[in-house]
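Before any comments, here is the structure.
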Amino acid sequence: MENETPESKPTNVTKSTESTESTEAESTKNNSVEATAKPSEPRRAWADEADDDDELAASSPSPASSSLGLDLDELAIDDSKKKKADSLDEPEDSNIKAVTSGHTLYSTAMTFEDLNLSTELLKGLYVGMNFKRPSKIQSISLPMILTPPHKDLVAQAHNGSGKTTCFVLGMLSRVDVKLREPQALCICPTRELAIQNLEVLMKMGQFTGITSVLAVPEKPGVGVPTHKMPPVTAQIVIGTPGTIGKWLGHGKLGMRALKILVFDEADHMLAEGGFRDDSLKVIKAIEKVNKHCQVLLFSATFNDVVKSFVSRVVRDGNQLFVKKEELSLDVVKQYKVHCPDELAKISVIRDKIFEYGDKVGQTIVFVRTRTSAAALHESLAKDGYVCTSIHGTIDHENRDKVVKEFREGLTKVLISTDILARGFDQSQVNLVVNYDLPFIHDHRAEPDYEVYLHRCGRAGRFGRKGAVFNFLRTDNDYVLMDKIQRHFGHQVHEIHDWRSDQQFEDALKAAGLL
DNA sequence: GAAGCTC
């Protein structure tokens, strides 16, 4: 696959087109702005064609290039009276708070043409991905990513709203195909996410001739040892921290030509107890040889602790944030199910999830530990319930196989640890079960809000319907659940009798799944 | 009592 893709030409999105070239804005350092789309109209047209992409763009008519001038005055106008009722009809219709740095004005990209992408890349979007228009986060973030001086960006957006496209397109459009060196690097918290992102990249970039490589561990014994490996010449590298660190350590990953560094699930990648040290090492390795590398941080969640750290890593960058109350927990319907004991939990899986699961699509059952994943799997399999499970002790080959079979729809129920809590994008997943609620290690009465939100986000991809069933057994479970409700300001409905078919049916109907 | 990440 050779093709010439000229170095990206991200021009033309530099300034807001309509509306008074701001005079005030220029004097302001940080302009804070709220880009608001109106409450949505019924959406579904796109949901049906979205298929296995979470990134499907909305298909509704759009206003001619509205300006998201990052200027308070402009936006005030935009916000208050400009109807935009006919604007993007998307799941993430809500406020995104944008804080820009410096004087660059950005307009929103109402179409992909607005971004001045290469024809090969546009073809990838339309033909390869079957996209129509940028989603909201795409329309706002892509101009920021592509417009010189290529400022760093921290971007928060809802689960299933199309974040992947933002950074994949960012990477693809900045690569010089003639230069046979790594120019874009994307670091992900799990093997599964790295693979998924690379697949999106290859699909979207299939007409560009851009080369890419996956940096995740190989099966032990196969492949050449790292020290014998030739230096990476692929133009885009996507992988996990360990392998990327290893390649860097052996001098196989040149960083001189790197133009763009992406952290997917960035809050976790920069969290203490997450991958902070690995991430900082990579950043330092790049800074040593390279002064002009754009850094992009994407996630659906940034808690306050991480947020303050993030702004120290990425200073002088643009920022997009969403209020926690608006983080899309409303597209999936949440329920709590009181289970008197573990047997009741298993019964609910058997008699309700397996019973109704097929009718409503696929299901992911989240458990807290590897051993409970294996135990639950075995208990179900023993009685002939067909499912698979995935967690960190399963070897890589089998992990890949389990994911592949699930993606092909061969399996309907997948038991998982939090290995799949973040980012895993499978549009047929309409049901999420929290067999165990996520809590902070060493603080069992403190919910892990981020993990909870990410797990829920596996259902209802790109605005589809979805339901989440939280199994509550102990007093502590109720404490966790109450805190979760308060934190997100959401009412979680109760299923009073775990044995009642009727109550589950009603719940699924209320969620729009039956 | 944890999940994920190189060898």
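Letters A, B, ... are given to chains in the order of the sequence lines, protein chains preceding strands, and every chain is numbered from 1. These figures come from a predicted structure and were not determined experimentally.
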Rounded distance in Å - [atom1] ([X]) to [atom2] ([N]):
X: A:H250; N: B:dC7; atom1: NE2; atom2: C1'; answer: 9 Å
X: A:F366; N: B:dG4; atom1: CZ; atom2: P; answer: 12 Å
X: A:I390; N: B:dA2; atom1: CD1; atom2: C1'; answer: 17 Å
X: A:D264; N: B:dC5; atom1: CG; atom2: C1'; answer: 15 Å
X: A:K219; N: B:dT6; atom1: NZ; atom2: C1'; answer: 18 Å
X: A:I394; N: B:dC5; atom1: CD1; atom2: P; answer: 12 Å

Around atom NZ of A:K359, are there more than 12 heavy atoms of other residues, nucleotides or ligands at under 6.0 Å? yes
Listing, residues 218-232 of chain A side-chain donor-acceptor contacts under 3.5 Å, not counting sequence neighbours, or none:
| from | atom 1 | to | atom 2 | distance (Å) |
| --- | --- | --- | --- | --- |
| A:T226 | OG1 | A:K246 | NZ | 3.3 |

If you look only at pairs with a residue in residues 482-495 of chain A, which of them pass as a salt bridge (charged side-chain N to carboxylate O under 4.0 Å, His left out), with sequence neighbours excluded? A:E446-A:K483
Return each pair, listed once, that meets salt bridge (charged side-chain N to carboxylate O under 4.0 Å, His left out) where at least one residue sits in residues 260-272 of chain A; pairs must be two or more places apart or across chains. A:E265-A:R422, A:D267-A:R422
Would you say B:dG4 has OP1 or OP2 under 4.0 Å from some side-chain N or O of A:R370? yes
Please determine whether a side-chain nitrogen or oxygen atom of A:R455 lies at a distance below 4.0 Å from atom OP1 or OP2 of B:dA3. no
Between residues 237-246 of chain A and DNA chain B, which residues have a heavy-atom gap below 4.0 Å? A:T240, A:G242, A:T243, A:K246
Looking at residues 186-196 of chain A, who's got a heavy atom less than 4.0 Å off DNA chain B? A:P189, A:T190, A:R191
Please find out if less than 6.0 Å separates the ring center of A:Y435 from that of A:F366. no
For residues A:F504 and A:Y335, establish whether the separation of their ring centroids is below 6.0 Å. no
In this structure, which one of A:D400, A:T240, A:T243 forms a side-chain hydrogen bond (donor to acceptor under 3.5 Å, both in side chains) with A:R191? A:D400
Which residue pairs pass the ring-ring contact (aromatic ring centres under 6.0 Å, His included) test when at least one of the two sits in residues 375-394 of chain A, sequence neighbours left out? A:F354-A:Y385
What's A:G274 touching, base or sugar-phosphate or nothing? Going by heavy atoms closer than 4.0 Å. base
Evaluate A:I140 against A:I96 for side chain to side chain contact (heavy atoms under 4.5 Å, CB included), listing each step before the verdict. CA-CA 9 Å; A:I140 299 173; A:I96 295 179; 4.0 Å; yes
Proximity to the side chain of A:I419 - top-ranked nucleotide from B:dA2, B:dG4, B:dC7: B:dG4
